[in-house]
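What follows is a single structure, written as structure tokens, with notes after it.
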Number of protein chains: 2
Amino acid sequence: MTYSEENYIKAIFHLGIDGVKAVSTNSVAEQMSTKPSSVTDMMKKLSEKGLVNYKKYRGVSLTEKGRILALSIVRKHRLWEVFLVQKLDFSWDEVHEVAEQLEHINSDKLIDKLDELLNFPEYDPHGDPIPAKNGQIKKRDKELLSQMEINSASICVGVKDSSVAFLRFLDKNKIALGNTIRVMEIEEFDNSLHVLIEDRPMHLSQLIASNLYVKKI
Amino acid sequence: MTYSEENYIKAIFHLGIDGVKAVSTNSVAEQMSTKPSSVTDMMKKLSEKGLVNYKKYRGVSLTEKGRILALSIVRKHRLWEVFLVQKLDFSWDEVHEVAEQLEHINSDKLIDKLDELLNFPEYDPHGDPIPAKNGQIKKRDKELLSQMEINSASICVGVKDSSVAFLRFLDKNKIALGNTIRVMEIEEFDNSLHVLIEDRPMHLSQLIASNLYVKKI
DNA sequence: ATATAAATTTAGACAAATCTAAAAATATGT
DNA sequence: ACATATTTTTAGATTTGTCTAAATTTATAT
């Protein structure tokens with residue numbers, strides 16, 4: 001597998017995450033910052049290799065073989081992110097770029113041993129689950145903060161948007177995974193939330209609330 | 001820099017290590033398992049970029065800029081090797097292949113932090129010095145065991161040949177860096193050595209002795 | 001010194017991954 | 001339903017790194 005092939009497989013995986021049957025050529029092109037014609041070329045190639053189901057004009061999806069490959073890449077990416085944060089003191093907004101490179105390193109022993117060094121983590125620094133060696137990936141039961149009711153209490157377990165801008169915003173406002181969040185009031189006007197984060201009162205816009213995953217308690 | 005360019009720079013660095021003015025096209029090709037014509041092409045390109053001094057038919061050498069780049073790649077390679085051995089329990093004959101991949105990962109912060117995690121090691125698992133961040137590389141005073149005199153005592157500090165076969169041989173015979181070695185007798189016939197390794201008598205062929213670096217004590 | 005051998009470069013080709021522009025297929029709105 | 005817009009594919013070009021085969025330069029041996 002070339003890096004490029006792996007990146008396409010990963011893109012299709014991420015786009016097709018919520019039970020979507022097939023993803024469009026254009027969406028893959030956008031995700032990867034390439035042109036649709038490049039995607040078409042690559043889909044033919046990956047289809048030849050039995051990694052994707054591709055029908056002209058009908059979009060593309062991963063085969064079982066492709067899914068397993070995608071999961072192994074995601075596993076590597078997320079384990080490296082944990083390593084960077086836990087062992088090298090990276091902040092959660094710095095890890096993605098480096099992990100994008102590290103995820104292509106090819107060595108089973110390396111990944112198994114890294115997993116062990118990190119004590120078999122289940123989630124990456126953004127709260128996303130780390131696929132097991134056999135490809136199993138657990139779906140955490142979580143919902144968006146924006147969907148919580150008044151007076152509900154929850155724990156922050158992940159972010160939907162993991163852009164540098166959003167993560168820095170959270171840092172600046174001392175909002176971190178593991179924090180407890182209680183919804184005190186919902187502004188009808190703009191759907192913003194008055195919350196208590198670890199007993200600290202805060203006012204969060206609807207945009208913020210709809211990018212934070214929480215788990216009811 | 002592409003991976004390929006980096007590999008050529010590294011090859012020229014390793015071939016030119018002992019004060020050689022210029023290395024030949026063929027030697028680079030052999031080192032990299034490519035064809036001489038491919039080397040010629042790449043030398044033109046690296047010359048354009050100011051990384052090598054290249055004159056047709058006259059061989060090639062690194063410019064200062066090229067040397068600095070080479071040292072940064074070697075630094076990364078050797079730090080990763082230390083990481084693999086110290087943190088992930090790799091044996092010294094398993095690290096090279098993986099480090100060949102990891103050395104191309106591009107992140108200054110990653111390498112600085114890795115260096116720190118490993119406590120600023122000076123040598124890699126084979127006894128080779130790790131270039132400092134600024135490119136400084138210390139030359140350890142060492143000589144081949146085969147050049148030691150009778151009754152001399154020394155400490156094993158490195159290997160010349162770091163092939164899997166040689167490293168496994170050393171493991172099997174419990175010869176490791178840091179061991180003390182005393183030369184008891186030299187066989188005139190085949191230049192083999194009778195030595196005491198950590199007080200354990202052993203008989204080493206001339207080939208073995210000429211691939212072990214030691215430091216007199 | 002010069003024929004021959006060896007090393008190196010050149011010329012031309014190829015595969016991978018990308019692009020642009022044009023053509024074809026599909027989707028959409030009234 | 002059909003004209004128009006959008007999406008997707010095709011055709012052909014480009015760049016990078018590689019190769020083979022032929023030509024050229026340098027080295028070597030007598």
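Quick note on labels: first sequence line is chain A, next is B, and so on, each numbered from 1. Every heavy atom of this structure was used, including side-chain atoms; hydrogens, water molecules and symmetry mates were not.
Close to C/dT18, at under 4.0 Å from its OP1 or OP2, lies a side-chain N or O of A/Tyr8. Dashed line: the shortest gap from a side-chain N or O of A/Asn26 to OP1 or OP2 of D/dT6 is not under 4.0 Å. Residue A/Arg58 places at least one side-chain N or O closer than 4.0 Å to OP1 or OP2 of C/dA27. Put simply, A/Lys56 has no side-chain N or O that comes within less than 4.0 Å of OP1 or OP2 on C/dT26. For the OP1/OP2 pair of D/dT6 and a distance below 4.0 Å, the side-chain nitrogens and oxygens of A/Tyr57 include no atom meeting the criterion.
Listed in residue order, the members of residues 33-40 of chain B having a heavy atom less than 4.0 Å from DNA chain D are B/Thr34, B/Lys35, B/Ser37, B/Ser38.
A straight line from CE of B/Met43 to C1' of D/dT18 spans 13 Å, rounded to a whole angstrom. Rounded to whole angstrom, the span from the OH atom of B/Tyr54 across to the P atom of C/dA7 amounts to 16 Å. Here the C1' atom of nucleotide C/dA15 and the NZ atom of A/Lys49 are 12 Å apart, to the nearest Å. The nearest whole Å value for the distance from the CE atom in A/Met42 to the P atom in C/dC19 is 11 Å. Rounded to an integer number of Å, the gap from CD of A/Glu5 to C1' of C/dA16 is 9 Å. Across the protein-nucleic acid pair, A/Met32 atom CE and C/dC19 atom C1' stand 15 Å apart, rounded to whole Å. Residue A/Asp41 contributes atom CG, which lies 11 Å from atom C1' of D/dG12 at whole-angstrom precision. Nucleotide C/dA16 holds its C1' atom 13 Å from the CG atom of A/Leu46, rounded to whole Å.
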Side-chain donor-acceptor distances from residues 53-60 of chain A under 3.5 Å, at least two apart:
from	atom 1	to	atom 2	distance (Å)
A/Asn53	OD1	A/Ser61	OG	3.4

Give every donor-acceptor pair under 3.5 Å between a side-chain atom in residues 95-102 of chain A and any protein atom, sequence neighbours left out.
from	atom 1	to	atom 2	distance (Å)
A/His96	ND1	A/His77	NE2	3.4
A/His96	NE2	A/Glu100	OE2	3.2
A/Glu100	OE1	A/Lys10	NZ	3.1
A/Glu100	OE2	A/Lys10	NZ	2.9
A/Gln101	OE1	B/Asn106	N	2.7
A/Gln101	NE2	B/Asn106	O	3.0

Would you give me the side-chain donor-acceptor pairs under 3.5 Å for residues 30-44 of chain B, sequence neighbours excluded?
from	atom 1	to	atom 2	distance (Å)
B/Thr40	OG1	B/Pro36	O	3.2

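Under a cut-off of 6.0 angstrom, the local environment of CG in A/Asp190 is crowded, with over 12 non-hydrogen atoms contributed by other residues, nucleotides or ligands.
A salt bridge (Lys or Arg N to Asp or Glu O under 4.0 Å) check over residues 133-142 of chain A, counting only residues at least two apart or in different chains, returns the pairs A/Asp112-A/Lys133. Within the structure, every pair that satisfies the salt bridge (Lys or Arg N to Asp or Glu O under 4.0 Å) test and touches residues 158-173 of chain A, not counting sequence neighbours, is listed here: A/Asp93-A/Arg168.
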Contact list (N/O, under 3.5 angstrom) for nucleotides 1-4 of chain D vs protein:
none

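Taking every side-chain heavy atom of B/Thr25 into account, C/dT8 is the closest of D/dT7, D/dT10, C/dT8.
Among residues two or more places apart in sequence or in another chain, the salt bridge (Lys or Arg N to Asp or Glu O under 4.0 Å) test is passed with A/Asp115 by A/Arg75. Partners of B/His203 according to the ring-ring contact (aromatic ring centres under 6.0 Å, His included) rule, which considers only residues two or more places apart in sequence or in another chain, are B/His194.
A/Asn134 places a side-chain N or O within donor-acceptor distance of the main-chain N or O of A/Gln136, the cut-off being under 3.5 Å.
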